[in-house]
2 protein chains.
Amino acid sequence: MAKKKAKTFGQFLREKRVEKGFSLRKFAELVGISPTYLSQVEQDNVDPPTADRVKRMAELLGESVDEWTALAGRLTEDLPEIIREAPTAVPDLLRAVRGLTTDQLRRLREDAERMQKEGTDEEK
Amino acid sequence: MAKKKAKTFGQFLREKRVEKGFSLRKFAELVGISPTYLSQVEQDNVDPPTADRVKRMAELLGESVDEWTALAGRLTEDLPEIIREAPTAVPDLLRAVRGLTTDQLRRLREDAERMQKEGTDEEK
DNA sequence: GTGCCTGTTCAGTAAACAGTAAACATTTTG
DNA sequence: CAAAATGTTTACTGTTTACTGAACAGGCAC
């Protein structure tokens, strides 16, 4: 099994932007940042942008928002809310799933979806 | 069923600190912050402290670190890592569990723990 | 060869964050 | 009543974050 290359956010961004045929200035304009800044980001000379800009970038390039956000060292914005809505049970769950495979995580998600369908609880 | 009072971080902190008999100055010293700042925090005149200070406070007062951290509008520090380790599967799971009851979340956690025991995957 | 693209570099900045020091008024203790 | 301890207010401060503007070098088009 080939090891995944641990590319940086900047490297990934440049690769995909060029692939899609955007010039640096053009793409910067679409995202709503200065070309200067985009250049620095792609060279990893500065930290990746905020979560919302990363999201716009991923969307413009047809990439996974969650993956790019993680690569940027940030969190997609709905996740903190979800955690805070159940401030002990969700963290406990997260710690319990640490290290599980993608398949195992998918099975848990399916269980969760099933629970949703069964009603929030038994409704009498 | 009585509705839980939506106390602020500051109100909670003051309540528990006084309950344990710490003076403001004494407690500030234990936490490693200035009395000035602690006073402001307890009056909600400023944002709650960083996650690590919130953690110290909760520990000193025998309260739940996760709950207090959430109340402070922050995230316990290990959670972002856990999410980024599986940057699509874990966010997907989180969105799927949103709105589940504490009991349902507990059942999922137990499933997860069982999966851990069964080995990370079948190991041939 | 001068215009016009390309990306890059340097220097700087506005706003937010996470606090602190000093002085103060009030209550408690000896 | 004097001393000590309580919490509060005002006015800052240093640091980090997330960027921007101006100027510049190199390639390509005509």
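In the text below, chain A, chain B and the rest are named by the order of the sequence lines, each starting its count at 1. Keep in mind the model is a prediction, meaning the values are calculated, not measured.
No donor-acceptor contact under 3.5 angstrom links the side chains of B:Thr101 and B:Asp103, judged on distance only. Between the side chains of B:Ser64 and B:Asp66, not a single donor N or O lies within less than 3.5 Å of an accepting N or O.
Between A:Trp68 and A:Phe9, the ring planes are perpendicular. Angles over 60° get that label, and only those under 30° would be called parallel.
Distance CZ/B:Arg106 to OG1/A:Thr88: 11.5 Å, rounded to 0.5 Å.
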Apply the test side-chain hydrogen bond (donor to acceptor under 3.5 Å, both in side chains) to residues A:Gln40 and A:Thr36: give CA-CA distance (whole Å), side-chain angles for both, the deciding distance (0.1 Å), then the verdict. CA-CA 6 Å; A:Gln40 290 168 339; A:Thr36 295; over 6 Å; no
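Judged purely by atom type and a 3.5 angstrom limit, B:Arg95 has no side-chain atom pairing as donor or acceptor with the backbone of A:Ile82. With A:Arg17 contributing its side chain and A:Met57 its backbone, the two residues share no donor-acceptor pair below 3.5 Å.
Heavy atoms of B:Ile33 sit under 4.0 angstrom from primed sugar atoms or phosphate atoms, though from no base atom.
The stretch residues 48-75 of chain A touches DNA chain D through A:Pro49, A:Thr50, A:Arg53, A:Arg74, each having a heavy atom within less than 4.0 Å of the strand.
The hydrophobic cluster containing A:Leu30 also contains A:Ile33, counting ILVMFWY residues as joined when their side-chain heavy atoms lie under 4.5 angstrom apart, directly or transitively.
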For nucleotides 7-11 of chain C, give me every protein contact, N/O to N/O, under 3.5 Å, one pair per line with atom names.
unit_1 : atom_1 : unit_2  : atom_2 : d
C:dG7  : OP1    : A:Arg17 : NH1    : 3.1
C:dG7  : OP1    : A:Leu24 : N      : 3.4
C:dG7  : OP2    : A:Leu24 : N      : 2.7
C:dG7  : N7     : A:Arg25 : NH2    : 2.5
C:dG7  : O6     : A:Arg25 : NH2    : 2.5
C:dT8  : OP1    : A:Arg14 : NH1    : 3.1
C:dT8  : OP2    : A:Arg14 : NH2    : 2.7
C:dT8  : OP2    : A:Ser39 : OG     : 2.9
C:dT9  : OP2    : A:Gln43 : OE1    : 3.0
C:dT9  : O4     : A:Thr36 : OG1    : 3.4
C:dC10 : N4     : A:Gln40 : NE2    : 3.0

